[in-house]
Structures are given as C-alpha cells and as structure tokens.
Participant: 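Here's a structure for you.
For reference, positions follow the sequence shown, starting with 1. In what follows, every heavy atom counts, from backbone to side chain, and hydrogens, waters and symmetry copies are set aside. Since the model is a prediction, treat every value here as computed from it, not as a measurement.
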Amino acid sequence: MGREGGVVVAQERDPNINARRLGLYLQRVREFVGGSYGEVALAVGCEVDWLVRVETGFGRPTPEEVEGLLVAYGVREANVAEIMIDLASRPDGPEWLAAHEERFRRGQRDVLISESEASVVRTFGSLLVPYLARSEVYFRCTEPQLHPDNDVELEWDLLSNRQRYRPGGRRRELQVIIDERVLDPRGEEEMMEAQLRHLLELGAGPDTTVHVIPKEAAFYEERAHPFDVLEFPGVADHISIAHMPHGSEITPYDLTDIWHFIKDKSALSPSDSRDLIVDHLAGRRRV
C-alpha cells in the first residue's frame, strides 16, 4: 500500500513476511515512544488508515516514508533505523527471487525471503548437507535424485543466489551442523571430495563455522529432522524453519535451544570437525 496524492492505494491482500516484519518493527517503535495513530498521522502528514495498513503488513511504505516515520518517532539515529529503511527497499524480497516466485506458495516464499534477510543462519542437516553449505558438484549430483522433476539449472540458480546474497552488503554468519554419515561418498567419491573441500573452505572463512556430529554420537529425537534458526540484525526475534519431505516451512516454535543442545551435546568443535573432514579426504575414516 502506498500514498499517491493523499489517496490510499491497496496492495496485495496477503502480505509477505518482509512487509509483516517491517510493519511489526514500526509498530514496536511507535508503541515504545508512546505515539498514537492519530498523533503520528498528524506529525508525518499521512492518513491513519495508511499507518494501520503499514503496521499490519498490508501497506508498503517507501524507504523515504519509513525514514519520515522514524524521524517523527525521534529514533532516526538508532542503529535499527537503517535496517528498517533498507528493508523497505525490498517489499517483495531480493530481486533474484522474482524469477522463481511463481513456482512457490506464499509459505515457501516467506521461507526464502526470511533466509535472505537473516544476519545469522544456524542450520542443522541430518541426512544431507544443508543447502547453504552444499557445493555445486554435490548439488548437481543429489538434486536429480531427490527431485527428478526439477530443472537442475533453475534450482542451482536459486541456490547459488541464496548462498551468496547479502542484503545491503551486510555480513551473514553461517553456523553449520552436519552428521558424519552425510560424508559417506556412497560410490560418489568425486562428488564427496568436492563437498569435503567446500566444507573446509567454508570453515576457513571468517563467517562460517562447521560442526560435525561423529558417527559414535548417540542419536536422539531432536536430531531426527533438519532445521534452521534465523536471526536478524538489530532485533531479538528468531525465525525457525523445519525442512520436511513435503517442503520447508516456518514453525511456530523457536528451535534455537535445540540447535545449541545438538551442538553442545553431539557435535565436535570446529577444529575437531575440520580434522575429521581432513581424515575423510585422506581416506582414513569411513562411515
């Protein structure tokens, strides 16, 4: 929703998660400073209805309009202000998602949009290497087996954008937990060698940590399904994503504690995980 000549213009009926997150942040700021809808509308020269729609995600303010609201609230200099203004520049998520948008339901789009905005992604993979840590060779070998009807080139375009995208040029921290059994080449030695080297390369960088659960670790229910926990810059909110056979979906539960429990109780440290991966590369360890 926007404003043109004082007229409220309706946007899509079902707002995506970027619009809902931005609206929630703006609502929290307004409530924190104690301004009513009427007071804020008068201060910034907008309609109350427009402000309500923005806060519920049905409105799509421009970055300039968001900045105007933050100035009216007296919080323009806060660190989170730039994040909110930047978020308003992507009401439909990252540009590269547009080429794939028609293939996904709203819930699936929300998963991809949320992931793209996260400043920290904690990902746990039980049977496969998590998507954000997959090498191209590994992906091209496994994708046809998992989803034989998919266009591999189209899917790689999507995944490669997911892996390298950084909104606003911000840093993203990736924390990976994988089960050692995933490192079994299963007759695909070349594929697994490429994946192992990719994990070593990721772990050597400043923004990624890789934890491996050794095959000797006891199994328990919390490790049954792969999932992600997303954190966002400037706010305490987390979003958890469950990866199920029918697809990925945002869960109503915060799985942060479970992720840390798995890391602390089952996984090796990054340095020990690196040594284990090196042993696999050298053929000294097989699952």
Side-chain angles (χ1 to χ4, degrees), residues 93-118 121-166 172 174-203 205 207-213 215 223-230 239-251 259 273 277 280-281 286-287:
E95 291 183 2
W96 47 263
L97 187 57
H100 304 271
E101 188 170 8
E102 293 184 358
R103 300 194 292 126
F104 301 114
R105 302 187 307 272
R106 182 180 66 87
Q108 294 173 311
R109 293 198 306 271
D110 281 352
V111 166
L112 295 172
I113 292 172
S114 298
E115 178 191 86
S116 73
E117 294 289 338
V121 178
R122 294 189 171 96
T123 183
F124 165 67
S126 55
L127 299 176
L128 292 166
V129 175
Y131 273 103
L132 294 184
R134 291 183 189 181
S135 69
E136 183 175 357
V137 173
Y138 182 93
F139 175 82
R140 289 185 179 276
C141 287
T142 57
E143 183 66 11
Q145 302 171 30
L146 298 171
H147 306 106
D149 295 331
N150 284 356
D151 182 329
V152 175
E153 294 300 328
L154 191 64
E155 296 299 333
W156 174 247
D157 176 75
L158 176 64
L159 179 57
S160 60
N161 276 295
R162 289 168 59 191
Q163 290 180 343
R164 63 175 175 260
Y165 181 64
R166 302 294 185 273
R172 180 179 70 187
L174 179 64
Q175 300 181 14
V176 182
I177 300 177
I178 58 176
D179 195 297
E180 184 183 4
R181 291 173 178 82
V182 170
L183 307 182
D184 180 1
R186 301 174 189 175
E188 297 283 356
E189 284 77 8
E190 183 178 345
M191 172 198 74
M192 189 50 64
E193 179 180 348
Q195 180 60 51
L196 291 169
R197 294 190 184 282
H198 184 65
L199 289 173
L200 291 175
E201 181 181 349
L202 286 175
D207 299 332
T208 303
T209 56
V210 177
H211 299 269
V212 178
I213 299 173
K215 60 183 178 181
R223 285 173 45 197
H225 302 291
F227 65 90
D228 299 342
V229 178
L230 311 179
I239 289 179
S240 296
I241 297 171
H243 302 293
M244 310 299 286
H246 62 273
S248 301
E249 57 187 36
I250 294 174
T251 75
W259 193 93
S273 295
I277 293 171
H280 272 274
L281 265 175
R286 287 289 179 260
V287 177

Participant: With a 4.5 Å cut-off on side-chain heavy atoms, are Val212 and Leu199 touching?
Facilitator: no
Participant: Looking only at non-hydrogen atoms, find the nearest pair between Ala194 and Val137 and report the distance.
Facilitator: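 Where Ala194 meets Val137 most closely, the heavy atoms are CB-CB, 3.8 Å.
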Participant: Report the residues that fulfil side-chain contact (heavy atoms from CB on, under 4.5 Å) with Arg164, sequence neighbours left out, ordered by chain and then residue number.
Facilitator: Ser160, Asn161
Participant: What residues form a salt bridge (charged side-chain N to carboxylate O under 4.0 Å, His left out) with Arg172, not counting sequence neighbours?
Facilitator: none
Participant: Please list, chain by chain and in numerical order, all residues satisfying side-chain contact (heavy atoms from CB on, under 4.5 Å) with Leu202, sequence neighbours excluded.
Facilitator: Ala133, His198, Thr208
Participant: Step by step, work out the side-chain contact (heavy atoms from CB on, under 4.5 Å) result for Leu158 and Tyr131.
Facilitator: CA-CA 11 Å; Leu158 176 64; Tyr131 273 103; over 6 Å; no
Participant: So does Asp179 pair up with Arg223, basic N to acidic O under 4.0 Å?
Facilitator: yes
Participant: Taking all non-hydrogen atoms of both residues into account, name the closest pair between Asp184 and Met192 and its distance.
Facilitator: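 Smallest interatomic distance, heavy atoms only, reads O-CE, 3.9 Å.
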Participant: Determine, step by step, whether Leu97 and Leu112 satisfy the side-chain contact (heavy atoms from CB on, under 4.5 Å) criterion, reporting the C-alpha distance in whole Å, the side-chain angles of both residues, the deciding distance to 0.1 Å, and the verdict.
Facilitator: CA-CA 8 Å; Leu97 187 57; Leu112 295 172; 3.7 Å; yes
Participant: In sequence, state the C-alpha distance, the side-chain angles, and the governing distance for Arg122 and Val176, and then conclude on side-chain contact (heavy atoms from CB on, under 4.5 Å).
Facilitator: CA-CA 6 Å; Arg122 294 189 171 96; Val176 182; over 6 Å; no
Participant: Might you work through the salt bridge (Lys or Arg N to Asp or Glu O under 4.0 Å) test for Glu155 and Arg103, ending with a clear yes or no?
Facilitator: CA-CA 11 Å; Glu155 296 299 333; Arg103 300 194 292 126; 2.6 Å; yes
Participant: Test side-chain contact (heavy atoms from CB on, under 4.5 Å) on His225 and His243; report intermediate values, then the result.
Facilitator: CA-CA 7 Å; His225 302 291; His243 302 293; over 6 Å; no
Participant: Which pair of heavy atoms, one from Pro130 and one from Gly125, lies closest together, and at what distance?
Facilitator: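 Shortest heavy-atom contact: CG-N, 3.7 Å.
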Participant: Can you check whether Ile177 reaches Val210 side chain to side chain, under 4.5 Å on heavy atoms?
Facilitator: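 SC-SC contact between Ile177 and Val210 ruled out.
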Participant: How about CD on Glu189, more than 12 heavy atoms from neighbouring residues, nucleotides or ligands closer than 6.0 Å, or not?
Facilitator: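 Yes.
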Participant: Residues in side-chain contact (heavy atoms from CB on, under 4.5 Å) with Ala224, at least two apart?
Facilitator: Phe219, Glu221
Participant: What residue pairs, at least two apart or across chains, pass ring-ring contact (aromatic ring centres under 6.0 Å, His included) with a residue in residues 134-153?
Facilitator: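 Checked against ring-ring contact (aromatic ring centres under 6.0 Å, His included) - neighbours excluded - the pairs reaching residues 134-153 are Phe139-Trp156.
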Participant: Verify, without hydrogens or angle tests, whether Glu180 (side chain) and Lys215 (backbone) share a donor-acceptor contact under 3.5 angstrom.
Facilitator: yes
Participant: Return each pair, listed once, that meets ring-ring contact (aromatic ring centres under 6.0 Å, His included) where at least one residue sits in residues 94-113; pairs must be two or more places apart or across chains.
Facilitator: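 Matches after skipping sequence neighbours: Trp96-Tyr165.
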Participant: Apply side chain to side chain donor-acceptor pair (under 3.5 Å) to residues Gln195 and Ser135 and explain how you reach the verdict.
Facilitator: CA-CA 5 Å; Gln195 180 60 51; Ser135 69; 3.2 Å; yes
Participant: Will you find, in the side chains of Ser273 and His211, an N or O donor that is under 3.5 Å from an N or O acceptor?
Facilitator: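 There is no such pair (donor and acceptor under 3.5 Å, judged by atom type) between the side chains of Ser273 and His211.
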Participant: Could you list the residues that satisfy side-chain hydrogen bond (donor to acceptor under 3.5 Å, both in side chains) with Asp207, not counting sequence neighbours?
Facilitator: Arg171
Participant: For Glu136, give me all partners under salt bridge (charged side-chain N to carboxylate O under 4.0 Å, His left out), at least two apart in sequence or on another chain.
Facilitator: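 Glu136: salt bridge (charged side-chain N to carboxylate O under 4.0 Å, His left out) contacts with Arg140.
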Participant: If you compare all heavy atoms of Arg134 against all heavy atoms of Gln163, which two are closest, and at what distance to 0.1 Å?
Facilitator: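 That closest heavy-atom pairing would be O-NE2, 2.9 Å.
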Participant: More than 12 foreign heavy atoms under 6.0 Å from CG of Leu154: is that the case here?
Facilitator: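 Check passes, neighbour count above 12.
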Participant: According to side-chain contact (heavy atoms from CB on, under 4.5 Å), who are the partners of Ser114, at least two apart in sequence or on a separate chain?
Facilitator: Ile17, Leu230, Phe232, Ile239, Ile250
Participant: Who pairs with Asp228 by salt bridge (charged side-chain N to carboxylate O under 4.0 Å, His left out), at least two apart in sequence or on another chain?
Facilitator: none
Participant: If I take atom CD from residue Glu201 and atom CG from residue Leu196, how far apart are they, to the nearest 0.5 angstrom?
Facilitator: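 Going from the CD atom of Glu201 to the CG atom of Leu196 covers 13.0 Å.
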Participant: Who are the salt bridge (charged side-chain N to carboxylate O under 4.0 Å, His left out) partners of Asp157, not counting sequence neighbours?
Facilitator: none
Participant: Suppose we screen for side-chain hydrogen bond (donor to acceptor under 3.5 Å, both in side chains). Which residues come up paired with Gln108, at least two apart in sequence or across chains?
Facilitator: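 Result, side-chain hydrogen bond (donor to acceptor under 3.5 Å, both in side chains) vs Gln108: none returned.
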Participant: Could you tell me whether the side chain of Met191 reaches within less than 4.5 Å of the side chain of Thr142, counting heavy atoms only?
Facilitator: yes
Participant: Are Leu174 and Thr123 close enough that some pair of their side-chain heavy atoms sits under 4.5 Å apart?
Facilitator: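 The answer is yes; the side chains approach within 4.5 Å.
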Participant: Let me confirm one number: the CG-CD1 distance from Leu281 to Ile277, rounded to the nearest 0.5 Å.
Facilitator: 8.0 Å
Participant: Do you know the tightest heavy-atom contact between Glu101 and Arg109?
Facilitator: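 Result for this residue pair: CG-CD, 3.1 Å.
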Participant: Could you tell me whether the side chain of Ile241 reaches within less than 4.5 Å of the side chain of Thr251, counting heavy atoms only?
Facilitator: no
